[in-house]
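Throughout, a chain's letter reflects where its sequence line sits, starting with A, and its residues are numbered from 1.
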Amino acid sequence: MDETFKPSRRAFLRGSAAAAAGSVAGAAAANGADPLITELQDWASYTGAGVDETPYGMPISFESHVVRRNVEWLTASPISSINFTPIHALDGTITPQGCAFERHHSGAIELRKEDYRLMINGLVDRPLVFTYEDLERFPRENHVYFCECAANTGMEWAGAQLNGVQFTHGMIHNMEYTGVPLRTLLREAGADIALDKWVYVEGADASSNGRSIPMEKALDDVLVAFKANGEALRMEHGYPVRLVVPGWEGNMWVKWLRRVEVTDMAVESREETSKYTDVYADGTARKWTWVMDAKSVITTPSPQMPITHGPGPLVISGLAWSGHGQITRVDVSKDGGITWETARLGKQGDTKALTRFYLDTEWDGAPMLLQARAMDETGYVQPTKEQLRDQRGENAVYHNNCIQTWYVNAEGIAENVEVS
Amino acid sequence: MSKSPNIFIPALAGTAGILGVAFAVTSRDYGADKIRALETRMGQVEAQASAASEKASVEAQRAAELELKIAEVQAAASQRVASLTAPAPAVEGTYGIGRPALDEEVAAWDVDVLPDGRGLPAGGGDVFTGEEVFAEKCASCHGDFAEGVDNWPVLAGGFDTLADEDPVKTVGSYWPYLSTAWDYIHRSMPFGEAGTLTADETYAIVAYILYSNDLVDDNFELTRENFADFNMYNMDGFTVDDRPEQEYAAWRAEPCMENCKDEVQVTMRSVFLVDTPPEGGSDSVMNPASIDGLPSFTAAGPSFIPEAAPKPAPVVQKAAVTQPAAPDLMEAGEKVFKKCKACHQVGEGAKNRSGPHLNGLIGRTMGSVDGFAYSSVFAAALDEGRIWDEAALAEFLAKPKTYMKGTKMSFSGLKKDEDLAAITAYLKSYGE
C-alpha cells in the first residue's frame, strides 16, 4: 500500500509527459462538449438493420482489416501455401474459424458430408468404412486445443524478418473441437494397439498429406473432429472431418481425413522426412519432433498494434501455449530480459490450448524492449533465440519457440528486433 | 483487498491539495483570521480523511468476506461439475457402427509404400523412359534437370550442402528413403493431376530423379525387385527427437527474474516492413532503418530517448511521373507491380535489390544499370545495344525465360494482356 504514495522517477516522468502531450482521453472535453454526446446521432434516431439481413453474420465493416493474410513470396503458389491468423487483433483465446490460418498442400477441397468416407484398415481384425453419420453415433468429447504449424516463427531463425506478430507467430489457431476419440474407432475395428504399432493417417485431398503417429499418442488424446467452436469445420480446415492431434505440430492434424491404417512401422512419408524435420548446423537432422514446446508472444503492443494513447496505464497482452500441457506462468520483460515481472493469466490455461496473459502496467513513455517468457506444467521455460541457436543452429526451419522481442519507441511504435 | 488502496486516493489527494494551498497562502502573509480559518478547514479535512480511511477499512473487510464466499461457491460448483464431466465412455466390445471395408476398396485407397518396399506394385521403369515422362509431366515446375523453377522444389543436387548456411534439401541430398519419393510421386504428383501416374511411369520418374542426382547410370532400371537394394545418400542423416535429453533437462529450471543481464542492445531490426492493405494479403518492403541511434538498456532503463524520427517516405514516389497515364490504368499497374516488388524498386530513391531498379526503364539500354550484376544474357544485350521499348518489355514479361533465355529473373510471366498494358503504363510513369 505504501508504494501507492511513494513518489518515483516513473511517476514523475508520467506526470511531465502527460503535461507535455496533453491528456489524450480528456481532449474532447478540454475543447468543449463532445458532439457525439451532445448532438443527436443518426444511429440514435433512425432504425438499424432488421433481423435476417445477414443470415450468417460477418464482422462489422469497421473490422474488415482483421483478416488472414499471406506473404506471397514465401511459397511458389497459393495452392500449396500458408496464411497467418491476425492474432494481433484478437483477445481471449478462441480463434474464430473465419480468420484462423490456413495451410494447404493441394488447396482446400469441397467434400460433402454425403460423399465422406473414413476407412480403418491395416493391422485390424475388421477393416471398416464409416460414413459421416456413423461418426456422430459414437460417444464424443469437447476439448479446446491449439493447432500450430511447425514452421510458425520459422522465418525468424536467421534473424528478425517480418514486422508483425501476425506474420512471425500467426500460424496458430485455438478452437473448441467436438469429436470422437481415435481410440474408440481403433477399438471398433479391433486394431492391434500394441505400443510398438503406428497409425498412418491421410486426407482425401490431392496431397493426402500422410503422417505416421505412434500408437501411444493415437490412444491418448487424438480426436476425429467434425465441429469447431460449435459449428461445422470450415472447408479450409478440413470439412467435414479432420484429425486433432493435441500439442503436436499442425501438419499431423490431417484434414479431410479419409483413412487410418494401423502399421508396424512409420511410413516415412514425404511430410515426415523431406519436410517437418529439423536440419542442424552440422547437416544432420532430427525427425519425429512432434511436440510443440512451450512458447509465448506479446500480441499488443506489437508492430501492428502500436501504443496510440501515450504514457499512462497500459495493458500488455499476449498468448502462451505448450504442447506438453498447461501453461503455468508467463513472465514479461520491458528491458530486453534484464528484469522480469510475472503476468496475470486471463484464466487458468486448458491443457495444450492457448492461454491469454495480461500485464497491467504504467508506461512512462520511454522506449521498451518487450519480451514474454512462458513456463508449462513440466517446468520447461521458453528459451531465448540464443539458447535455441546454440542447440540447433540457424537452418532448422521448424519448431522455433524462441522468446520474441519488440522494440517500442517513445512514440509507441513497435518493431520486430533481435537483442544481445 | 486489492481494491482498498484506490478508496484512499481521492481523500488523501484532497488533503494534500488543501495542505499545499494552505502552505502557499500562509507564506504570502495573509491575515491571522484567514490562517485560523484555514487551520479549521485543515482540521475538518483531516477528520474527513480519517473517516474515509475507517470506511475504507470496513469496506475492505466486507470485500474480503465476499471473496471468501465466492471462493466457497466456486469450490462447490467445481465439485459438482467434476462429478458430471467425464471422457467419452469406453465400452467392452464394439458399437457395431460402420460396415466392413471391401478388398477392392482397401486396394484403391491403401497405396502407401513402406521404407522396406512393402506396398509397391509390380512393375518397373528406366532412366530413358523417365526422362520423357519427366519432361512431359514434371519439368514445368521442377525444371528439365530437376533443378526447380521459381520457388518450386529442387529435386537434384545439393550434396554436401546440408551443413551450409542455405542447405539444398533435394531427393538426392536429403531424403532418407527411396520409398518416400515413390509413394509421394505416385500418390500426390503431378501437382493438379494427382493419382494419374501409372506404376511403371512412377518407377521411371523415380529412376530419372536418381539419375539427375548422379546416383545411377543412364541405363538404370528401377523395379519392385531391386527397389529395396537402393540405399539413399542421407539415410543415416537423421536422429529421432532427442530434445528431452538435449534441451528439456537443462531448460526446466527456475528462471532469472532480475539483473539477468548487465546490458541489452538491439543487434538486428526487422528485414522487412509488412504493409497490410485493406484488400487483403501483405506487401513486404525492405526496412531501411538501421540499429544505429537506438538506445541500449540496463536495469536503470534505456540509455537515452531517441528523438522522434521523421516519418519514412513511402517507397513508391509518384514525383517522377513524366507521362501521366489514365488513373485506373496506373492503379491497375501498381497492383500488378506487387508481383515484382519483392525484387524490383521503382520511384524516387529506388535501389537495386535482387533485381535492378526500374526507373526510366522504357528507352533504357538493356543490362545498363550501374552496380547490378546481370546474367550473361543481359550483358550480351548491353553489348548489342538492345533497348527496352514497350514491345520488348511486353514480350519479356509475357515469357521471361523464353525471351531472355538464361535470365536470373525467377518470374513465370504475366498471362493477361491487360496486366501487361497496366504494368507498362505504370513503369512508363517513372520516366522514359
Query raised in the report: Where do Lys287(A) and Val240(B) land on the side-chain contact (heavy atoms from CB on, under 4.5 Å) test, with the steps shown first?
Result: CA-CA 5 Å; Lys287(A) 67 173 183 177; Val240(B) 171; 4.0 Å; yes
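- Interface remark: Trp175(B) contributes side-chain atoms only to the contact with chain A (heavy atom separation under 4.5 Å).
- With a 4.5 angstrom heavy-atom cutoff, Phe238(B) touches chain A via backbone and side-chain atoms both.
- Ranking Ala410(A), Gly164(A), Ser77(A), Pro181(A) against chain B, the residue ahead of the rest is Ser77(A), based on heavy-atom pairs under 4.5 Å.
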Requested in this report: Begin from the C-alpha positions of Arg187(B) and Glu202(A) and carry the test salt bridge (charged side-chain N to carboxylate O under 4.0 Å, His left out) through to its verdict.
Outcome: CA-CA 11 Å; Arg187(B) 176 203 302 272; Glu202(A) 69 182 22; 2.6 Å; yes
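- No side-chain heavy atom of Tyr248(B) sits less than 4.5 Å from a side-chain heavy atom of Thr378(A).
- Counting heavy-atom pairs under 4.5 Å between each of Glu258(B), Met189(B), Arg269(B) and chain A puts Arg269(B) at the top.
- Between Ile338(A) and Val264(B) there is a side-chain heavy-atom pair separated by less than 4.5 Å.
- Proximity to chain B (any heavy atom under 4.5 Å) is shown, for Arg117(A), by both the backbone and the side chain.
- At a 4.5 Å heavy-atom cutoff, the contact between His105(A) and chain B is made by backbone atoms alone.
- Using a 4.5 Å cut-off between heavy atoms, Val113(B) contacts chain A through its backbone alone, with no side-chain atom that close.
- Of all the listed residues (Ala266(A), Gly210(A), Pro367(A), Gly336(A)), the one sharing the greatest number of non-hydrogen pairs under 4.5 Å with chain B is Pro367(A).
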**Report entry** Derivation and outcome, side-chain contact (heavy atoms from CB on, under 4.5 Å), residues Trp109(B) and Arg258(A)
**Finding:** CA-CA 9 Å; Trp109(B) 274 8; Arg258(A) 80 166 191 186; 3.1 Å; yes
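- Of all the listed residues (Ala194(B), Pro277(B), Ser296(B)), the one sharing the greatest number of non-hydrogen pairs under 4.5 Å with chain A is Pro277(B).
- Of the atoms belonging to Glu263(B), it is backbone heavy atoms, and not side-chain ones, that fall under 4.5 Å from chain A.
- For Leu162(A) against Ser284(B), the heavy-atom pair with the smallest separation is CD2-OG, 4.3 Å.
- Neither the backbone nor the side chain of Ala189(A) comes within contact range of chain B; no heavy atoms are under 4.5 Å apart.
- Pro87(B) has its side chain within reach of Glu141(A): a pair of non-hydrogen atoms, C-beta onward, lies under 4.5 Å apart.
- In summary, Arg118(B) and Glu261(A) do not engage in a salt bridge, as defined by a charged side-chain N under 4.0 Å from a carboxylate O.
- A salt bridge is defined here as a Lys NZ or Arg NE, NH1 or NH2 lying under 4.0 Å from an Asp or Glu carboxylate O, and Arg286(A) with Asp242(B) meets this definition.
- Only the backbone of Ala253(B) comes within contact range of chain A, with at least one heavy atom under 4.5 Å from a heavy atom of that chain.
- Judged as a side-chain hydrogen bond (donor to acceptor under 3.5 Å, both in side chains), and not counting sequence neighbours, the contacts of Lys385(A) are Glu418(A).
- Arg243(B) and Thr289(A) share no side-chain donor-acceptor pair at under 3.5 Å.
- For Asp262(B), the part lying near chain A is the backbone, with the side chain staying farther off; criterion is any non-hydrogen pair under 4.5 Å.
- Under the 4.5 Å side-chain criterion, counting only non-hydrogen atoms from C-beta, Ser106(A) is in contact with Phe191(B).
- For the side chain to side chain contact (heavy atoms under 4.5 Å, CB included) test with Arg259(A), the passing option among Val106(B), Val111(B), Asp112(B) is Asp112(B); the others fail.
- Not a single side-chain hydrogen bond (donor to acceptor under 3.5 Å, both in side chains) links Glu165(B) to another residue, sequence neighbours left out.
- Summarising the geometry of Asn395(A) relative to Pro167(B), their closest heavy-atom pair is ND2-CD, 3.4 Å, with the distance given to 0.1 Å.
- At a 4.5 Å heavy-atom cutoff, the contact between Val291(A) and chain B is made by backbone and side-chain atoms alike.
- No side-chain heavy atom of Glu415(A) sits less than 4.5 Å from a side-chain heavy atom of Val266(B).
- A donor-acceptor pair shorter than 3.5 Å can be found between the side chains of Tyr174(B) and Thr277(A).
- Thr276(B) contributes atom OG1, which lies 7.0 Å from atom CD of Gln166(A) (distance to the nearest 0.5 angstrom).
- Relative orientation of the Phe272(B) and Trp73(A) rings is tilted, given thresholds of 30° and 60° on the angle between their planes.
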